[in-house]
> 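Quick one: the structure is below, questions incoming.
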Number of protein chains: 2
Amino acid sequence: MKRSRHLKRKAKRAEPKRVVPEAVDPRSVDDDPVVQGILTAISQKRLKPGAKLGEDKLASAFGTTRIHIRQALSHLASRKVVMQIPNRGAFVYRPSWEEAQDIFAARRIIETAAVAAAIDRLDKAGKAELKAHMELEARHDRNDRWASLSLTAEFHILVAKLAGNQVLLDMSRELMLRTSLAIATFEQPGEPDCSPDAHPDIGALILAKDKAGAIHAMRHHIEEMEKRITPRDDKDEVDELTAIFQEIGARARAGG
Amino acid sequence: MKRSRHLKRKAKRAEPKRVVPEAVDPRSVDDDPVVQGILTAISQKRLKPGAKLGEDKLASAFGTTRIHIRQALSHLASRKVVMQIPNRGAFVYRPSWEEAQDIFAARRIIETAAVAAAIDRLDKAGKAELKAHMELEARHDRNDRWASLSLTAEFHILVAKLAGNQVLLDMSRELMLRTSLAIATFEQPGEPDCSPDAHPDIGALILAKDKAGAIHAMRHHIEEMEKRITPRDDKDEVDELTAIFQEIGARARAGG
DNA sequence: GGGCAGAATACTGTTTACAATACAAGCATT
DNA sequence: AATGCTTGTATTGTAAACAGTATTCTGCCC
């Protein structure tokens, strides 16, 4: 008796019922306060590209343990927001010049498509949301640099949201962040990110359902943004010497 | 003397030289064998959506420790290839019906743009590569299901590669994987993923630099792919009973 | 016989400590 | 004075043990 029961139990264990989990809110990762904190710090340019993100420091700063920090950094690394180098640590991602150009090209593609989709499915609620944001952006304090940065980014996010495609929205969010890093890496000091004057025009064209015009305006806006960066990255701390060494190192790595 | 030296040393410590790391090959994460293994297993449909990915089992399967497995799973979770549920473990991601539609819509946008860019910058090497792949796809053994799956995916990847935008390529790769999951979740049993007959047409149009035609063909191809899935997900093993249990569980979880 | 509480079990999540690596200062040498 | 080596320190990577949770099995009651 006992033996047969034992066998039966073993057989059941080998093939469990396997209840497939379905309706679970999957935004557990992005709700992580560490991820959120680093993300906002980067998008607000309080963390510059190349800045070291030490695990202990972050752990004490966020009041948590190194494991959570490591998980958050790993997550951000897979989103190309931080760069992890073995045995050296994590740094704020610093895109190459080619990557920066690719990011802008991708934004041209995705955001023009988002504009088109947004116009196609624009309803009353969407119009209201768009108008509300334009109002907000029109009357905000332009001297408050951090608020400006958040607001201008929000406009693009809102357009992607109005397109009604979650996948596209996530991609836009990611590209927005990486744009922020690209601009921080290659910008001429003192220039703003977006030319904010373009947003009201684009918004008006969307509200008017002028698809061709809105697409053109968005593409132009992104092109203007791209024009503000230049390939030279020898800013403040990076002098000629380190640039030479970097090139040598890269060449050695490519050759071996 | 000693004390002044000590102070000096401390001051130096507080602000280190901070050599910013630059040209480092960043594909360290994707080279991880665990990530690679799970990815190929999923793209070859050997792992079905909803399949449990136990840490111990994976660790022994890959001959490594749980730490690496956890890192890999975390990475895959941030790419929406696996779903992590607290205290329950990791499962192969199972997109919702809406998400599946969004994935196809995103692919329409990105891959049509990729086709256009590929035609714009098509050179001799690109033509050769494309021809070689078409040759390969034409003469492959259609009964070898796994090879078929890899080859049809490779075609789309190749087009994205010819577009010459690394960011776009990464996005295409990600969307391809998620398409694989969407099809595995919602396909009618027995149907293939891509209609492989479309690839030679698209390839020929690209080689002929017929941009409008190639874009149209690619869009049509993806639309045909999308038509093959249906919103009902009560397939083989998921019978009415487990569906009921799932609903009950979800409700209990939401209520408590 | 079927449904339900309680215990055993397997699994995930976390903490801890330890090992390995890279970095920076100090020292000797030329 | 500058370069190369050695030592010490800080930080990252890894392993193992522990705690908490969900799941499964068992015995009981209806």
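Per chain, numbering begins at 1; letters A, B, ... match sequence-line order. Computed from a predicted structure; not experimentally measured.
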> For A:Ile85 and D:dT11, what is the distance between atoms CD1 and P respectively, to the nearest whole Å?
17 Å
> Residues from residues 61-74 of chain B sitting under 4.0 Å of DNA chain C, heavy atoms only?
B:Arg66, B:Arg70
> Kindly indicate, with the supporting measurements, whether the criterion salt bridge (Lys or Arg N to Asp or Glu O under 4.0 Å) is fulfilled by A:Arg228 and A:Glu187.
CA-CA 6 Å; A:Arg228 290 170 185 274; A:Glu187 76 181 342; over 6 Å; no
> Counting only N and O atoms by type, is there a donor-acceptor contact under 3.5 Å from the side chain of B:Asn165 to the main-chain atoms of A:Asp102?
yes
> Calculate the interatomic distance between A:Gln84 atom CD and D:dG13 atom P; express it in whole Å.
7 Å
> Without decimals, in angstroms, what is the distance between A:Asp32 CG and C:dT14 P?
10 Å
> Considering residues at least two apart in sequence or located in another chain, which fulfil the ring-ring contact (aromatic ring centres under 6.0 Å, His included) criterion with B:His133?
B:Phe155
> Short question: side chain of B:Ser60, backbone of B:Asp56 - any donor-acceptor pair under 3.5 Å?
yes
> Any side-chain heavy-atom pair from A:Met176 and A:Glu111 closer than 4.5 angstrom?
yes
> Whole Å only: how far is the CG atom of B:Asp56 from the C1' atom of D:dA16?
13 Å
> Rounded to the nearest angstrom, tell me the gap between atom NZ in B:Lys57 and atom C1' in C:dC11.
10 Å
> Can you measure A:Glu55 atom CD to D:dG13 atom C1' for me and round it to whole angstrom units?
8 Å
> Measure from CG on B:Asn87 to P on C:dT12 and round the result to the nearest Å.
10 Å
> Using only side-chain N and O atoms of A:Lys52, determine if any of them is under 4.0 Å from OP1 or OP2 of D:dT12.
yes
> When the distance from CZ of A:Arg88 to C1' of C:dA22 is rounded to whole Å, what number comes out?
8 Å
> Check A:Lys80 with A:Glu174, please: is the shortest side-chain N to carboxylate O separation under 4.0 Å?
no
